[in-house]
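See structure below.
Residue indices begin at 1 and follow the sequence shown. For ligands, and for the atoms within them, numbers begin at 1 and follow the listed sequence. No hydrogens, no waters, no symmetry mates; every other heavy atom, side chains included, goes into these values.
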Amino acid sequence: MSRKIYKDIAELIEKRRTQGLIKNERVITSPQGTEIEVGSRKNVLNFCANNYLGLANHPEVRQAAKDTIDSRGFGLSSVRFICGTQDIHRELEAKVSEFLGTDDTILYAACYDANAGIFEPFLDSKSAIIADQLNHASIISGVRLCKAKRYIYSHNQVGTGNYTFDGKTLPGLEAILSSEEVQACEYRMVSTDGVFSMNGDIAPLGEIVDLCEKYDAILMVDDSHATGYIGATGRGTHEHFGVMGRVDLITTTFGKALGGASGGCTSGRQELIDWLRQMSRPYLFSNTVAPTVVGATLKVLDMLTENTILRDRVHANANYFRNKIKDAGFSIIDGDTAIVPIMFGEYENDAVLAQKFANDLLEHGVYAIGFFFPVVAIGQSRIRVQLSAAHTPEQLDRAIEAFVAVGRENGIID
Ligand SMILES: *Cc1c(COP(=O)(O)O)cnc(C)c1O
């Protein structure tokens, strides 16, 4: 059948292809890790997984998943409130709450769902959401599902003025919170990522918490890129800034540092979590988290509570890599996380160059990905490097050598 939309979409894709903006997926034929098989290539060094603590294929985590299959089965074939809650789901909710220092926790199939289901139960058209300009796509999806008034503040700016970031001029958080319009709303919810995935920078949570208390706003932090390794014992951004217990709602994923399978949660104030359990649509109408994921995540939290070896190692690796790459002359966004963005915005056709750089890196046995519009702003293309506790010093040095070689080949550094 020939419909107009088929032809139009094929043309759109072709146009994107000629602009160098098509995302192609590479196929991995090994478990996730620091050395993987990509197609026919063996021993490719992986620098683009969210496997911050190296737990995605950790023997103890794998064993916990296998043991849980034996003790609790493969699937539950149900949502939570019908027959999808096992003892281990409750146990995981309690353990996450203890780890994050919150009252209670509710599990979701993914953090995407946690974010999709967090706004609408609390906020209607009489209320306001005040969100950081760079918030994750899943938060934006959640905001779209509710009728609250929407305000965007300039990325990580808490002040009362206007600020320009990524070519957009927007007010700071206090400018919005203190406005009559927003103060006249029934409820106000401020929403931010803890660590921003594309920039690897951290939200100034200390100041944000103070402002939320001053202007009577609920604070929601998505700590997906922080939980497990940011803060002295890896509890997250709230620990990093010494504001544990002062964030109303934290959403996070089990699909990154905490083993990397899937699953997510919302954790926070008892009254708010109680209400989500009654009202949050992705929780009510989507399947329970698989027992294997629950069992393995319980194991991960035990491991992270015992000591901070992995947390300390990923920070040491990130600092080592960041310093070496800076010294080599690359232009990066500086920071304190395990994300190191190498920026190509100063070059013409930055999107194409970022893609080429990634392809050339693969020729040198290193896997990293070029990001470009619409994932990041136009003219802000980058290679995002993600470090893991599992990277060895030898792997880090091999990767740095490859970056330097490809940088020289492409005339980016001398
Ligand atoms: C990865 C990520 C998500 C999505 O998590 P999933 O559990 O994979 O759905 C949500 N928010 C942020 C900030 C993320 O980085």
Side-chain angles (χ1 to χ4, degrees), residues 23 25 32 48-53 55-56 89 92-93 96 100 105-119 129 131-145 152 155-156 189-203 205 208 219-230 236-238 240 247 249-268 276 280-283 286-290 292-294 296-297 300-301 314 333 335 337-341 369 371 374-376 382 384-388:
K23 293 181 273 297
E25 296 177 6
Q32 187 62 279
C48 56
N50 301 311
N51 187 18
Y52 296 121
L53 297 173
L55 295 172
H89 293 77
L92 180 57
E93 288 174 340
V96 170
L100 298 179
T105 299
I106 171 175
L107 304 181
Y108 288 85
C111 186
Y112 196 105
D113 295 294
N115 288 335
I118 201 170
F119 298 104
I129 297 170
D132 187 286
Q133 172 183 5
L134 286 194
N135 271 1
H136 190 262
S138 55
I139 300 179
I140 297 167
S141 295
V143 171
R144 287 179 185 165
L145 292 172
I152 312 276
H155 175 54
N156 277 352
M189 193 187 291
V190 171
S191 166
T192 182
D193 287 22
V195 168
F196 290 86
S197 60
M198 286 300 144
N199 287 29
D201 52 354
I202 309 182
L205 214 55
I208 293 175
L219 175 57
M220 172 272 189
V221 176
D222 179 344
D223 235 7
S224 289
H225 278 279
T227 305
Y229 85 95
I230 295 291
T237 308
H238 58 329
H240 181 80
V247 177
L249 292 166
I250 296 168
T251 63
T252 192
T253 183
F254 308 139
K256 293 188 169 113
L258 304 185
S262 65
C265 65
T266 299
S267 194
L276 288 175
S280 181
R281 295 171 66 85
Y283 179 81
S286 185
N287 206 28
T288 190
V289 181
T292 38
V293 173
V294 175
T297 309
V300 166
L301 290 174
V314 67
I333 302 180
T337 68
I339 300 169
V340 181
I369 285 288
F371 288 92
V375 180
V376 295
R382 65 198 66 186
R384 179 181 65 172
V385 180
Q386 290 173 287
L387 283 300
S388 170

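Judged purely by distance below 3.5 Å, without hydrogens or angles, the side chains of Ser286 and Asp113 never pair a donor atom with an acceptor atom. Judged by distance alone, the side chains of Tyr108 and Ser280 do bring a donor and an acceptor atom under 3.5 Å apart. Using modelled atom types and a 3.5 Å distance limit, the side chains of His136 and Ser224 yield no donor-acceptor pair.
Numbered from 1 in the order shown, with element, the atoms of ligand 1 that lie under 4.0 Å from a heavy atom of Lys256 read 1 (C), 2 (C), 3 (C), 14 (C), 15 (O). Heavy-atom proximity to Thr253, at under 4.0 Å, picks out these atoms of ligand 1: 5 (O), 6 (P), 7 (O). Every atom of ligand 1 with a heavy atom of Asp222 under 4.0 Å away is listed here by number and element: 10 (C), 11 (N), 12 (C), 13 (C).
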| field | Audit row: Ile202, His240, side chain to side chain contact (heavy atoms under 4.5 Å, CB included) steps and yes/no | value | CA-CA 9 Å; Ile202 309 182; His240 181 80; 3.9 Å; yes

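The closest approach between Ser138 and ligand 1 falls below 4.0 Å for a heavy atom of the residue.
Here the protein heavy atom with the shortest distance to atom 9 (O) of ligand 1 is Tyr112 N, 2.9 Å. Here the protein heavy atom with the shortest distance to atom 5 (O) of ligand 1 is Cys111 CB, 3.3 Å.
Using a 4.0 Å cut-off between heavy atoms, Ser224 contacts ligand 1 through its side chain alone, with no backbone atom that close.
From Asp193, atom CG reaches atom CE of Met220 across 8.0 Å, with rounding to the nearest 0.5 Å.
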For residues 252-265, please give each side-chain donor-acceptor pair under 3.5 Å, one per line with the distance, not counting sequence neighbours.
| residue | atom | partner | partner atom | Å |
| --- | --- | --- | --- | --- |
| Thr252 | OG1 | Asp223 | O | 3.4 |
| Thr252 | OG1 | Thr227 | OG1 | 2.7 |
| Thr253 | OG1 | Gly255 | N | 2.8 |
| Thr253 | OG1 | Gly263 | O | 3.3 |

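For Ala110, no nitrogen or oxygen atom sits less than 3.5 Å from a nitrogen or oxygen atom of ligand 1, counting backbone and side chain alike.
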